[in-house]
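I have placed the structure first, in the form of structure tokens, so that the comments after it can refer back to it.
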Amino acid sequence: MALATCKSFLKIKFLQSKARLALTAIGVACVGILFSAPANAVPSYANQTGQSCVACHAGGQFFELTPYGRIFKLTGYTQGEKTTPLAAMIIASYTSIAKNDDGAGGKIATQDNTAILDTASMFVAGKFTDNIGSFAQFSTSLQGGNDAFGNAGSSGVATDQFDVRYADRKVDANSDLIWGATLHNNPGVQDVFNSSSSAFSFPMQGPANGTPSGLDVPATQIEGGVNHVLGTGGYIYLNKAIYAELSAYQSASGAASLLRYGAAPGYVNLDGNSFYARLAYTHDWGPHSIMLGGLAFDTKVFSNDPLSGAPLSDLGSTHYRDVGVDAQYQYILSPHTVTAHFRAINEAIDDSNNLVFANKSNTLNTMMARINYVYRHKYGASLAYKEATGSSDATAYAGNTSLTPDTQIWTPEVFWTPVQNVRVGLQFNFFTKYQGSVNGYDTASGLRNASDNNSTYAYMWTAF
């Protein structure tokens, strides 16, 4: 971390809230320990397999999968004995933003410097038959229809992540073949390597996806631009070495509306079919494992009517083509666990009708790198870096002085897992560049700097 960035973040406001932040984190941890049941990351899977969370999750950290956890998911969540497939999770948090001022006399986040219970989730996760199983997460805000900052958001229960699989496995003296089919709602939720998209990747938790409300690194379509859609696909995993997948996506409507339940009308409207292809090589030896992969995603997205949310299909759609590479390394040998992830994606954008962009063609390039260390499945630290670069565009980036998406953020984090189903963490988000600039990036006042978006985020989640 650059010293200048650290100095800009450690302002008087942060020092004033430091004691309150520590007390909040300790209090939240105590609540979790007192009220948690003796379960694991998704307790229904633990009951089903008879395994602790560290068998499936590297260092016990939800969602990073071990080689055993990847096989469990690829075989359709069906290993073990059939049990009640229900579990739940609650997240509490506290966020402090370096400069919680929108430049117009208002606040970016109304619940800045406030400890809150922000999200609750219910899981239907487990084995239905010897070949069919599920991971389905349904979530709700605990802020009365608002997001974690108190800003307006969707209310009620919404389908969060959804993945139902049919899978089978054939093992003989010459080969080991796993094959399956998946029905899911977010590109990447079906992946087992935690680096291909934002569904089960960094950040695992954070204020508004790791940053203050509405402030983030621009993302490609595979990294979260397309979600809550109808996805169907097939995959194979041969000799624990070659993984291949092909999936197709459509807007979720009719009988498939459950996959977007709770989302606003017109949340994502696709023009026809979108396609996702994935190829990866894996190798395990001793306590080590590696994955080297590539992915491609081709999608056309309608713009939505700002009032009704209906797709403006008469105007045509915007075409996005994502091509990327990713990698994962793991070292798992008690008492140490090390995981590292890398992802780089190039997105080519064709907006012939200028629905979203001023230019008819643009590019967006993103990169993410992260390393994570856990000691005795309890004490951990991680460091992550994300960046985005791309074409200058007067419409898409009209609010900033450079008219580019160029953004950089560093995210160090420390965490503690006192018992298997409770995690307490403290995360910092440092912007070294935002919307193409270090200082004065906003056209509204020219007074907001990249470091003004820095945040401190304390959280606790518990599953039962």
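For reference, positions follow the sequence shown, starting with 1.
Ion pairing between a basic and an acidic side chain is recognised when a charged N comes within 4.0 Å of a carboxylate O; Asp284 and Lys240 show no such pairing. With respect to Glu413 and Arg423, a salt bridge is recorded, a charged nitrogen being found less than 4.0 Å from a carboxylate O.
The one candidate from Asn454, Asn113, Thr114 that meets the side-chain hydrogen bond (donor to acceptor under 3.5 Å, both in side chains) condition with Ser96 is Asn113. Under the side chain to side chain contact (heavy atoms under 4.5 Å, CB included) test applied with Leu312, the options Asn304, Asp305, Leu355 reduce to a single match, Asp305.
Side-chain N/O atoms of Asn239 and Asp176 include no donor and acceptor closer than 3.5 Å. Glu81 and Thr83 share no donor-acceptor pair across their side chains, judged by distance under 3.5 Å alone. For the 3.5 Å distance criterion, the side chains of Thr182 and Asp163 qualify, holding a donor opposite an acceptor. When only modelled atom types and interatomic distance are considered, Thr282 and Tyr237 share a side-chain donor-acceptor pair under 3.5 Å. A donor-acceptor contact under 3.5 angstrom links the side chains of Glu223 and Thr366, judged on distance only. No side-chain N or O of Gln328 forms a donor-acceptor pair with one of Asp326 less than 3.5 Å apart.
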Determine all donor-acceptor pairs shorter than 3.5 Å in which one atom belongs to a side chain in residues 289-303; sequence neighbours excluded.
residue : atom : partner : partner atom : Å
Ser289  : OG   : Gln330  : OE1          : 3.4
Asp298  : OD1  : His319  : NE2          : 3.0
Asp298  : OD2  : His319  : NE2          : 3.2
Thr299  : OG1  : Ser274  : OG           : 2.6

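A 4.5 Å side-chain heavy-atom check between Phe430 and Ser455 finds every atom pair outside the cut-off.
Asp322 places a side-chain N or O within 3.5 Å of a backbone atom of Ile222 that can act as its donor or acceptor partner. No donor-acceptor pair under 3.5 Å is formed between the side chain of Thr49 and the backbone N or O of Gly80. Judged purely by atom type and a 3.5 angstrom limit, Thr129 uses its side chain to pair as donor or acceptor with the backbone of Ile132.
Applying the side chain to side chain donor-acceptor pair (under 3.5 Å) criterion to Asp172, with sequence neighbours excluded, gives Ser175. With sequence neighbours excluded, the residues that form a side chain to side chain donor-acceptor pair (under 3.5 Å) with Asn186 are Gln161. The ring-ring contact (aromatic ring centres under 6.0 Å, His included) search around Phe415 returns none, not counting sequence neighbours. Looking at residues two or more places apart in sequence or on another chain, you find a side chain to side chain contact (heavy atoms under 4.5 Å, CB included) between Thr66 and Ala58, Tyr68, Ile332. Evaluation of the side chain to side chain donor-acceptor pair (under 3.5 Å) rule for Asp130 yields Lys127 as partners, not counting sequence neighbours. For His228, the ring-ring contact (aromatic ring centres under 6.0 Å, His included) criterion is met by Tyr267, not counting sequence neighbours. Looking at residues two or more places apart in sequence or on another chain, you find no ring-ring contact (aromatic ring centres under 6.0 Å, His included) involving Phe342. Residues satisfying the side chain to side chain contact (heavy atoms under 4.5 Å, CB included) criterion with Val192, sequence neighbours excluded, are Leu65, Arg70, Lys73, Leu74. Remark: Thr84 engages Leu86 in a side chain to side chain contact (heavy atoms under 4.5 Å, CB included) (not counting sequence neighbours). Partners of Leu246 according to the side chain to side chain contact (heavy atoms under 4.5 Å, CB included) rule, which considers only residues two or more places apart in sequence or in another chain, are Ala277.
For residues 52-68, the salt bridge (charged side-chain N to carboxylate O under 4.0 Å, His left out) pairs, not counting sequence neighbours, are Glu64-Arg370.
If you look at Tyr249 and His184, their ring centroids are closer than 6.0 Å. Ring to ring, Trp410 and Tyr385 are close: their centroids are under 6.0 angstrom apart. Side-chain rings of His288 and Tyr331 approach one another, their centers coming within less than 6.0 Å. Taking the six-membered ring wherever Trp is involved, the centroid distance between the rings of Tyr457 and Tyr459 falls below 6.0 Å.
At most 12 non-hydrogen atoms from other residues, nucleotides or ligands lie less than 6.0 angstrom from OH of Tyr261.
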